[in-house]
Asker: 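Before we start, here is the structure in question, set down as structure tokens.
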Number of protein chains: 2
Amino acid sequence: MNPATSSSRQPKAEAGASAAPTFSPLYRQIKQLILQRLQAGEWRPGDPIPSEIDLAARFNVSQGTVRKAIDELAAEKLVLRRQGKGTFVATHSEARAQFRFLRLKPDVGDAHYPDNTILEARRLRAPADIARQLDVRSGDSMIFMRRLQSFGGAPTILEELWLPGAIFKGLSVERMQQYKGPMYALLETEFGVRMIRATESLRAVAADADAAALLRVKPGAPLLSVERLSYTYGDKPVEVRRSFYVTAHHHYENELS
Amino acid sequence: MNPATSSSRQPKAEAGASAAPTFSPLYRQIKQLILQRLQAGEWRPGDPIPSEIDLAARFNVSQGTVRKAIDELAAEKLVLRRQGKGTFVATHSEARAQFRFLRLKPDVGDAHYPDNTILEARRLRAPADIARQLDVRSGDSMIFMRRLQSFGGAPTILEELWLPGAIFKGLSVERMQQYKGPMYALLETEFGVRMIRATESLRAVAADADAAALLRVKPGAPLLSVERLSYTYGDKPVEVRRSFYVTAHHHYENELS
DNA sequence: AAGTGGTCTAGACCACTTT
DNA sequence: AAGTGGTCTAGACCACTTC
């Protein structure tokens, strides 16, 4: 209950198993406690979390320790600090967060949010490969969506989304078809499922006839294939996204550091 | 000289210019001082920097302030902390640092360092576009290198490197031709120029006849084009690298966070 | 035992925002 | 004026490495 009491700290000498890497410092325990509350939805995206002083009192630790815990959460972009105002649960419903997951930038000019055309949206059974990636059973109900995104009238991104039906139960095909904004904002506000991290796998591939027609390129033309796996709290995978980017006037921008 | 005295802190009321964003906290001033010494080569890659207590005494601030400065340098991977041993200037000559800038991973199995075949290595005049990127004058002397990298005998990466001749004065074409290891390690150990950051721009392109022959793909086959601009201390650009990756059995891996 | 980085505390004060 | 995050200090102790 109280992380500061000796009972909740790890004993200096490990009694049992040999290779257990059980130690973690107090601030990291506090971080986990805050994480649990975030994950449980105790504070919703956009809401302020309690002040550092408040949390320090709750957990019976010093403000500095809470601070270090929140430092890490802020570095992972799970919360957002604003001096003088407070610390807020990060959200996809902000202009600044809009492009965090879209690395395709125009060669000239500024990035804008694309126009969406939904090509298809329905429920399907999970194919084996998708099921494996999302850690569900093959054949489980999935939400599937296929859409075309255009910049300034030029079709540029063709993509498929797969979401586990079990998590997004109330999500109707109609709702998706009419919704034109950023997907992650919809999933967050309507289902409280926040994407916090993703891995992408990029390849150059040749356009098949279908993709070529939709993206208005020649069949066999090179396309940038991007397969994304997105995760929510607890490293739980919740979306597979397979995209094809036309890179004639856009490029995928990446920072190595 | 002494950042802790009031004289070197910013005055609360800015006297002169209107929009000067001149304030920075003490720990960031300390960070700059350490950075200057790193940049000046006072401590070489792989060497330990002075201990936190030592630095605190030198700069006449508390250990906690030095610590926060080093925290940021460690986060930017300019230094490496090792508990019980000290803090060390980061280097490319370590196994762990070898893959920091190579995002191409095999679809199955573990990443290995590729076999290099140097196709070409000589001095050239800088073309306009390269000169612009490296912030030198068009026509300045450049070191140019073209090489083919193979994994398990399969040619996979074809790339061109451009380096400003002025910075790497003593670098002979012969030295480059015989050297088969990681380029960044060579540049660091022999010239003290350490790459600390890079931006990459990715596109899908069609292989031209030359690239196709070297990479053993059909002309017109899709290749992943990667243009990298690498920076050293002070955000000074020091390398342009233009690569073509064959992504049949490899993929470019990226983490979005 | 001594030296290094890593954690934790308690308190002071600063900078920013809202009331 | 009050509340929030941000900075800075001084000191204690822990964990790890080397001597």
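Values below: every heavy atom of this structure, side chains too, minus hydrogens, waters and symmetry copies. Letters A, B, ... mirror the listed sequences (proteins, then strands); counts begin at 1.
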Asker: With a cut-off of less than 4.0 Å, is there a side-chain N or O of A:K68 near OP1 or OP2 of C:dC8?
Answerer: no

Asker: Without decimals, in angstroms, what is the distance between A:Y27 OH and D:dA15 P?
Answerer: 14 Å

Asker: Give the rounded distance in Å between these two atoms: CD1 of B:I49 and C1' of C:dG5.
Answerer: 11 Å

Asker: Can a side-chain donor-acceptor contact be found between A:E190 and A:Y179 if the only test is distance below 3.5 angstrom?
Answerer: no

Asker: Note every stem involving DNA chain C: at least three consecutive Watson-Crick or G-U wobble pairs, i with j then i+1 with j-1, with both distances under 3.5 Å.
Answerer: C:1-18 with D:1-18

Asker: Nearest whole angstrom, please: distance from the P of D:dC8 to the CG of B:N60.
Answerer: 14 Å

Asker: C:dT7 phosphate, OP1 or OP2: any side-chain N/O from A:T65 under 4.0 angstrom?
Answerer: no

Asker: Mapping A:I70 and B:S62 to their closest nucleotides on DNA chain D, which lands nearer the 5' end?
Answerer: A:I70

Asker: Ignoring hydrogens and geometry beyond distance, is a side-chain donor-acceptor pair present between A:Y27 and A:D71 at under 3.5 Å?
Answerer: no

Asker: Heavy atoms within less than 4.0 Å of DNA chain D: which residues of residues 77-93 of chain A have one? Give them sorted by number.
Answerer: A:R81, A:R82, A:Q83, A:G84, A:K85, A:G86, A:T87

Asker: Under 3.5 Å, is there a donor-acceptor pair between the B:E239 and B:Y184 side chains?
Answerer: yes

Asker: Examine the side chains of A:Q149 and A:Y245 and answer whether a donor and an acceptor come within less than 3.5 Å of each other.
Answerer: no

Asker: Provide, to the nearest angstrom, the distance between the CD1 atom belonging to A:I53 and the C1' atom belonging to C:dT9.
Answerer: 15 Å

Asker: Would you say the side-chain atoms of A:T232 pair up with the backbone N or O of A:R194, donor to acceptor, closer than 3.5 Å?
Answerer: yes

Asker: What is the separation between atom CD on B:Q63 and atom P on D:dC13, rounded to the nearest whole Å?
Answerer: 15 Å

Asker: Does a side-chain N-to-carboxylate-O contact under 4.0 Å join A:R67 and A:E72?
Answerer: no

Asker: Report the nucleotide, chosen from C:dT7, C:dG6, D:dG5, that has the shortest atom-to-atom distance to any side-chain atom of A:E52.
Answerer: D:dG5

Asker: Using atom CZ of A:R28 as one end and atom P of C:dT7 as the other, report the distance to the nearest whole Å.
Answerer: 7 Å

Asker: Using 4.0 Å as the upper bound for N to carboxylate O, is an ion pair formed by A:R103 and A:E255?
Answerer: no

Asker: To the nearest Å, give me how far apart CG (A:D54) and C1' (D:dA2) are.
Answerer: 16 Å

Asker: Say whether A:Q133 and A:E227, considering side chains only, have a donor N or O and an acceptor N or O under 3.5 Å apart.
Answerer: yes

Asker: In whole angstrom, give the distance that lies between atom CG of A:D71 and atom P of D:dG6.
Answerer: 8 Å

Asker: What nucleotide, of C:dT9, C:dT4, C:dC8, holds the atom closest to the side chain of B:S51?
Answerer: C:dT4

Asker: Side chains of B:H251 and B:E253: any donor to acceptor distance under 3.5 Å?
Answerer: yes

Asker: Using the side-chain heavy atoms of B:L26, tell me which of these nucleotides is nearest: C:dC8, D:dT9, D:dG6.
Answerer: D:dT9

